[in-house]
Amino acid sequence: MKPVTLITGASAGIGAELARVFARHGHELVLVARREDRLIALADEVASTAGWPRPAVLAIDLGQRDAVARIAAQLASRGLEPEIVVNNAGFGLAGAAADLDRNEQLGMIDLNIRALTELSLAFVDSLARHRGGVLNVASVAAFLPGPGMAVYYASKAYVLSFSEALHRELKPRGVRVTALCPGPVPTEFQARSGMRVDRSQQILTLPPDRVAQIGYDGFMRGKRVVVAGLANKIAVALLRLTPHALVLPMIERHMRNP
Ligand SMILES: NC(=O)c1ccc[n+]([C@@H]2O[C@H](COP(=O)([O-])OP(=O)(O)OC[C@H]3O[C@@H](n4cnc5c(N)ncnc54)[C@H](OP(=O)(O)O)[C@@H]3O)[C@@H](O)[C@H]2O)c1
């Protein structure tokens with residue numbers, strides 16, 4: 001079976017940039033998202049560079065319960081098996097949890113948590129065989145509760161906690177696991193989440209290509225957690241020192257009036 005790097009959410013934003021970074025470093029790709037036209041356009045772009053193999057494209061909704069089984073079947077039928085899994089697909093929803101649509105919030109858990117967990121575990125044998133690993137995209141939101149975006153923040157806290165523990169569990173098998181924690185990144189994420197544009201966070205903001213490169217470098221070095229950018233590293237360190245009783249009202253105010 002041919003080893004590949006499987007990247008979810010590759011049709012936009014950080015995922016598309018991760019695909020470009022992995023391709024640039026010689027990895028053969030499988031691109032997953034719902035919008036097939038976008039994935040095909042990215043596969044065309046990658047394939048147009050001499051010497052880079054054409055990525056395979058899987059148009060799959062990862063919110064569906066059978067999504068990972070379908071991915072596994074597609075890979076097997078093409079003679080492919082994961083060396084690296086990049087769990088990047090995810091979305092947020094801004095607003096009070098009690099007011100937001102409940103099914104949409106549960107759908108967020110299906111994607112940000114359920115699919116990520118299943119994909120992190122489904123291919124461990126082939127990841128170990130190829131001494132590869134799992135790169136999970138969390139967020140600086142993972143380091144604190146987020147009133148005004150409660151389920152999203154909690155979902156990213158799960159991604160961070162799960163990935164850190166899996167890092168330890170799979171280390172003896174030669175499988176690296178990294179949680180990438182970006183701060184604000186201008187992508188389709190903000191519009192999808194219904195967030196207002198927040199100019200006060202300019203200092204924390206990094207472009208998606210930079211975040212992807214930082215994530216790739218940290219993963220290849222076998223880091224457990226990669227916080228993207230110095231300003232975000234400082235923010236996370238300060239957050240860890242500050243009691244939640246002080247931080248939560250600030251986050252709440254900020255979510256209401258960014
Ligand atoms: N942007 C930020 O400020 C920021 C900060 C920290 C962390 N993050 C995290 O970074 C990751 C990528 O976000 P982004 O900023 O690049 O957002 P984005 O531009 O909105 O991209 C999200 C990607 O996820 C895919 N996706 C969404 N729902 C899916 C589903 N049901 N099945 C399969 N794919 C699905 C989308 O593809 P389709 O719509 O084609 O399916 C798209 O490729 C997310 O996990 C996000 O939480 C983002």
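Positions are given from 1 along the sequence. Whatever order the structure lists them in is the order used to number ligands and atoms, beginning at 1.
- Considering only non-hydrogen protein atoms, atom 22 (C) of ligand 1 sits nearest to Gly90 O, 3.9 Å.
- Counting heavy atoms under 4.0 Å from ligand 1, residue Phe91 does not touch it at all.
- When only interatomic distances are considered, the shortest N/O to N/O separation between Gly9 and ligand 1 falls below 3.5 Å.
- Residue contacts with ligand 1, taken as heavy atom pairs separated by less than 4.0 Å, do not involve Arg192 at all.
- Side-chain atoms of Leu29 and Leu42, non-hydrogen and from C-beta on, never get closer than 4.5 Å to each other.
- For atom 18 (P) of ligand 1, the closest non-hydrogen atom of the protein is Phe189 N, 3.8 Å.
- The residue from Gly183, Ser139, Pro208, Ala59 that puts a heavy atom closest to atom 5 (C) of ligand 1 is Gly183.
- Contacts between Ala138 and ligand 1, counted as non-hydrogen atom pairs separated by less than 4.0 Å, involve the backbone only.
- Ligand 1 lies out of reach of Ala141, whose nearest heavy atom is not under 4.0 Å from it.
- Note: no N/O pair closer than 3.5 Å links Pro184 and ligand 1 by distance alone.
- Side chains of Thr5 and Val86 form a contact here, defined as non-hydrogen atoms less than 4.5 Å apart.
- Counting only heavy atoms of the protein, atom 43 (O) of ligand 1 lies nearest to Ser11 OG, 2.7 Å.
- The distance from ligand 1 to the heavy atoms of Arg35 drops below 4.0 Å at these ligand atoms: 37 (O), 38 (P), 39 (O), 40 (O).
- Relative orientation of the Phe219 and Phe22 rings is tilted, given thresholds of 30° and 60° on the angle between their planes.
- Contacts of Gln190 with ligand 1, taken as heavy-atom pairs under 4.0 Å, involve the side chain alone.
- Looking at Leu111, Leu206, Val32, Val185 and measuring to atom 2 (C) of ligand 1, the nearest heavy atom belongs to Val185.
- Residue Thr8 places every heavy atom at 4.0 Å or more from ligand 1.
- Surrounding NZ of Lys223 are at most 12 heavy atoms belonging to other residues, nucleotides or ligands under 6.0 Å away.
- At a heavy-atom cutoff of 4.0 Å, ligand 1 is contacted by no atom of Asn112, backbone or side chain.
- Counting protein heavy atoms only, atom 39 (O) of ligand 1 is closest to Arg34 NH2, 2.9 Å.
- A salt bridge links Arg192 with Glu104; the closest basic N to acidic carboxylate O contact falls under 4.0 Å.
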